[in-house]
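Input: a single structure, listed below in structure tokens.
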Amino acid sequence: MVCPGREEGYRFDAEPERRVPGHAFRWESADFIGKKWRPQGITQDYDADGTSPAKTLLVSWYDHKGDQGARLSVVNWSTSGEITYRHVLLVEPYSEPDGQGELRDGIGALDLHAGGIAWYGHHLYIADSMYRASRPYFPGIRVFDLRRFFKVTKGEGIGRQPDGRTFHAHGYEYVLPQTHAYDWSGRARKLVISRGALRPRAEWAHAVPKGSNTQGAVKVGSTYYLTTSHTSRKAGELRRWRENWAAGPRHRSRLNIGVEDLSYDGSGSGALWTLGEYANDERTDPRAPFSRYVYAVRP
């Protein structure tokens, strides 16, 4: 798929002096104004190895209107030239009896909000913040191996088809199956993912104040940067915090409506990548600026 536009000709709510020139794009029209899927998390090459510049961006979405779970956009990014991307459905593999004493492999959609993601090595870690009584496990972190993308037959529904050989994935051509998971064990305090702190064996951790509506967080040097959302009607904020600031996070600059996750590119650009969640129909929605962009600002 080809992204039809960059930031030129479009408005989005981020203070101009904070934007990194050329580091912005919008989705194709169906993804830009669609109400079914909502973007959430973002990560890129520098997260993966700590050296590479951002050439591939990974963005997570969740199905706000149905039962298709979560998907991943793999974006071929460049400051010059065409930007392309492809959606991949995130799935959970399983085995079940076939009625003849044999186990058959299957895949199902993940009940996953995908509120925050991190690319490290060849693994993708996705925050699972969905508490539901019907689930057999409690939220934690879902893990995906980025070496294990699979191509499936394009078609309706999901899972193994009656011919026993082909798989469908709600019309997607590629899937990425979950390989591991970290679940709340019941012996520890409940994990609060993408709305609080995850402490076990963390290199750094900070519990953000309650009610701050924090969506994303990164640490650059000794400074924490936090994105704060103020619903679908008001602009978000980029805040900063240092451990010696007893008063808590301080306002830094204004961001787009519905701002979500953060990812830091420390390879040279110093860009803080972020994105917007809510869809705005450029033809009929009186609110401006529109919010569903992917862009970068300076720390």
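All residue numbers refer to positions in the sequence shown, counting from 1. We use all heavy atoms of the structure for the numbers below, so side chains are in, but hydrogens, waters and symmetry mates are not.
Atom NZ of Lys154 has 12 or fewer heavy atoms from other residues, nucleotides or ligands within 6.0 Å. More than 12 non-hydrogen atoms from other residues, nucleotides or ligands lie less than 6.0 angstrom from OH of Tyr94. Counting non-hydrogen atoms of neighbouring residues, nucleotides and ligands closer than 6.0 angstrom, the NE2 atom of His180 reaches no more than 12 such neighbours.
Here Lys35 does not pair with Asp63 in a salt bridge; the nearest charged N to carboxylate O distance is not below 4.0 Å. Between Asp45 and Lys55 there is no salt bridge, since no side-chain nitrogen of the basic residue lies less than 4.0 Å from a carboxylate oxygen of the acidic one. Between Arg38 and Glu260 there is no salt bridge, since no side-chain nitrogen of the basic residue lies less than 4.0 Å from a carboxylate oxygen of the acidic one.
A side-chain donor-acceptor contact under 3.5 Å links Asp261 to the backbone of Ile42. Side-chain atoms of Glu237 do not come within 3.5 Å of backbone N or O of Arg239 as any donor-acceptor pair.
Of the listed residues (Asp145, Thr179, Leu72, Asp47), just one forms a side chain to side chain contact (heavy atoms under 4.5 Å, CB included) with Leu124, and that residue is Leu72. When Tyr172, Trp37, Tyr85, Trp27 are each tested for a ring pair (Phe, Tyr, Trp, His ring centres under 6.0 Å) with Trp61, only one passes: Trp27.
Atoms CG and CD, from Leu90 and Glu92 in turn, are 11.0 Å apart once rounded to the nearest 0.5 Å. Rounding to the nearest 0.5 Å places CD of Gln178 at 5.0 Å from CZ of Phe144. Distance check, rounded to the nearest 0.5 Å: CG of Leu262 to CG of Leu238 gives 6.5 Å. One finds the CG atom of Leu58 at 6.0 Å from the OG1 atom of Thr43 (value rounded to the nearest 0.5 Å). Once rounded to the nearest 0.5 Å, the distance linking CZ of Arg298 with NE2 of His23 reads 10.0 Å. Taken from CG in Asp49 to CH2 in Trp119, the straight-line distance is 8.0 Å, to the nearest 0.5 Å.
The cationic atom of Arg26 (NZ for Lys, CZ for Arg) lies less than 6.0 Å from the six-membered ring centre of Phe32 and within 45° of the ring axis.
Side-chain polar atoms of His168 and Glu156 form no donor-acceptor pair below 3.5 angstrom. Checked by atom type, the side-chain pair Gln215/Ser229 shows no donor-acceptor distance below 3.5 Å. Counting only N and O atoms by type, the side chains of Asn256 and Tyr295 include a donor and acceptor under 3.5 Å apart.
A heavy-atom distance below 4.5 Å is not found between the side chains of Thr153 and Phe167.
By the 30° and 60° cut-offs, the orientation of the rings of Trp77 relative to Trp273 is perpendicular.
The minimum heavy-atom distance between Gly69 and Ala109, with the atom names listed, is N-CB, 4.3 Å.
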